[in-house]
Amino acid sequence: MKKSTLVTYAFAAGLFCSSAMAQKVLTVKANEPKAGIQPTMWGVFFEDINFGADGGLYAEMIKNRSFEFAKPLMGWTVQHKKFKEGVVLVLNRKEENSANPRFIRVTADKVAKGDLGLTNAGFRGMGIKKGLRYDFSVMYRQQSAGLQLHVELVDSTGKNLGGATLSPAEAGNGWHKQQVSFTANETAPNGKLNIWFEGNGVIDLDMISLFPGDTWKNRPGGMRADMVQMLADMKPGFVRFPGGCIVEGSELATRYQWKKTIGPLEERQLIINRWNYEYANRPFPDYFQSFGLGFFEYFQLCEDIGAEPVPILNCGMACQFNSSEVAQLSELDPYVQDALDLVEFANGPVTSKWGKVRADMGHPAPFNLKMMGIGNENWGPQYIERLQVFTKAIKAKYPDVKIVNSSGTDPDSERYHYLDDELRKMNADIIDEHYYRPPSWFLSNAKRYDTFPRNNVKVFAGEYAAHVDWSIRGEKRNNLQGAIAEAAYMTGLERNADVVTMASYAPLFAHIDAWQWTPDLIWTSNLNIYGSPSYYVQKLYSLNKGTHTVPITLNNEVVAGQDSLYASAAIDKNSNELIVKIVNASDKAQTNTLQLDGIKKLAKQASLIVLSGAELTASNSFAEPLSVAPKESVIDLKGKKVEIASAPYSFTVVRVKMM
Ligand code: AHR
């Protein structure tokens, strides 16, 4: 760590004479704690959008492993030297197994290796890593043994990168699972999997699966470790899941139903992902939800990374942008029951029906669910009517569970005000606000919550992101301009921590070859990952949260846009530190003074963390993942007046130990 440009007032007076803006004094009163900052304050929003789950966080590498996509062989190619009708058939046993009706039947008539095979293309190809173990598994059924399956990974040119042979031995009418592992001998970003058949016989196959050996916590069938690590590094206070519009479905039939996402994988019924067809100009016909990452895995993820779960459930209404379909009130019971049962699944004793399901899945201890959302972006009197039914039932059975309530899709329309009024009349626990707005909105709304009522009704900024210029699409849209606007706005969230108790940027992940929505917090490819500038803003807030806000003012006013400067301050009562956040959203360097009042004695040094970039379009990429990333330094302190040199477009966090 190097000594930085932040120096004591006396020392620096002569150094910053070239500062382009008049020097201001920001006064911090460290001995006047105001609001408590909730441990949940900064969290993450997860949705299976942009290949966030299937093809993303859920590390399964086989696309359409159970042949349940709309086109049953999508993702698969049948390889045969001599074509023969019916050699590979997709069979449908809908009456017998409605959750997983299809499987594939291969009839091999004395085939040699290389004569007959199946190739899976992966989601957008497969990322293959040299030296890594790969676990192949399959469910099979055969009347007699006689076939061998040669499994091999190949690169985009067809070159073999490693493989193994599997000899299914069980015979009869039942299904069996068999696994074989092997190591890849080369790295390839865009590989495929071949399964070559050898021998004689008829075999039924289902749930054809391939996982890398390096999943998060090495869990078989688990999550991509690099993606979870990016979340764990943020130490998020909560994980909102599963969204997002995916909660609602574009029609009720495709709404998210948590009960269909737990238990044995082969019983989790696959459905279409609404982002498959949402945008006509970006169709993703191969986007489905396998629910391999379901509610059990979600609760486990929260536990792993120390985050509170914030599940959002369907309220009996489909997405109001897509359809006006609602469950009639007399048929709302199953929806309400789903909500009640989720609490039991998460928290119930192992002797309860759903607590037992959790225990049978390997987690007898409760997950300690404390809150849940009813409805995502739902609005209108139809929402309020349904919400009231849910609220009554949930509060009657689980009075301590807090309910997150939707305020619709935007922060200032008639629709929003109607809902906000109604929810406050209902004495709602938490109101979920969403805003996808230009950077200018974030800058001019940094005082949004300063005038909100101070009472029991709290706000969850449940989805937000600064959307720069619509002409920029894809990863480039995640630039410094958006990140700085968000950082500036977040000073207002922190200052109002007595009103805003949770906040999460959205969406979280995007695959570089499969995104529907930008900007996004974290970008992935088959092999790599990087955080956008916004990721580092979120991370800096989360890692420098503090326990209580303290005042920081400029001429006795909150610092919210004077000379494009934004600031908030907090103390951490556990570590006895003062944490000041300063955003310079202007294109000019500024040097300002921090007057630190209400502190008996300060440490001799402080740490300084700065996120900045040369221009507003500065961004990160796979080639330069840390182009816009925080830089840390240590500074010497002499007295309680501290000069802060803020570069243009910068976000600075100062941490000072109070003695
Ligand atoms: O974050 C992307 C989408 O934005 C969410 O699914 C939805 O809730 C909002 O409209």
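Order of appearance sets the numbers: ligands from 1, and atoms from 1 within every ligand. Small disclaimer: the values here were computed from a predicted structure and weren't measured.
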Might you work through the side chain to side chain donor-acceptor pair (under 3.5 Å) test for Asp450 and Asn496, ending with a clear yes or no?
CA-CA 6 Å; Asp450 290 5; Asn496 290 286; 2.7 Å; yes
Closest protein heavy atom (residue, atom, distance) for [atom]:
atom                    : value
atom 10 (O) of ligand 1 : Glu377 OE1, 2.8 Å
atom 6 (O) of ligand 1  : Glu47 OE1, 2.6 Å
atom 8 (O) of ligand 1  : Glu463 OE2, 2.7 Å

Residues two or more places apart in sequence or in another chain: which of them pass side chain to side chain contact (heavy atoms under 4.5 Å, CB included) with Arg473?
Trp470, Arg477, Trp515, Thr518
For Met230, give me all partners under side chain to side chain contact (heavy atoms under 4.5 Å, CB included), at least two apart in sequence or on another chain.
Ile522, Ile529, Tyr535
Closer than 4.0 angstrom, basic N to acidic O: yes or no for Lys395 and Asp429?
yes
Are Asp420 and Arg424 close enough for a salt bridge, meaning some N to O gap below 4.0 Å?
yes
Please tell me whether Trp517 and Tyr436 form a close aromatic pair, meaning their ring centres lie under 6.0 Å apart.
yes
I want to confirm something. Looking only at heavy atoms, which of Phe45, Tyr505, Tyr436, Trp517 is nearest to atom 1 (O) of ligand 1?
Tyr436
Other residues, nucleotides and ligands only: do more than 12 of their heavy atoms fall within 6.0 Å of NZ on Lys402?
no
Can you list the ligand 1 atoms lying under 4.0 Å from a non-hydrogen atom of Pro507?
1 (O), 2 (C)
What atoms in ligand 1 come closer than 4.0 Å to a heavy atom of Gly244?
5 (C), 6 (O), 8 (O)
Just let me know how Thr409 lines up against ligand 1, side chain, backbone, both or neither, with a heavy-atom cut-off below 4.0 Å.
neither
Indicate, as side chain, backbone, both or neither, the part of Trp275 found under 4.0 angstrom from ligand 1 when only non-hydrogen atoms are considered.
side chain
Do Ile246 and ligand 1 have an N or O pair less than 3.5 Å apart?
no
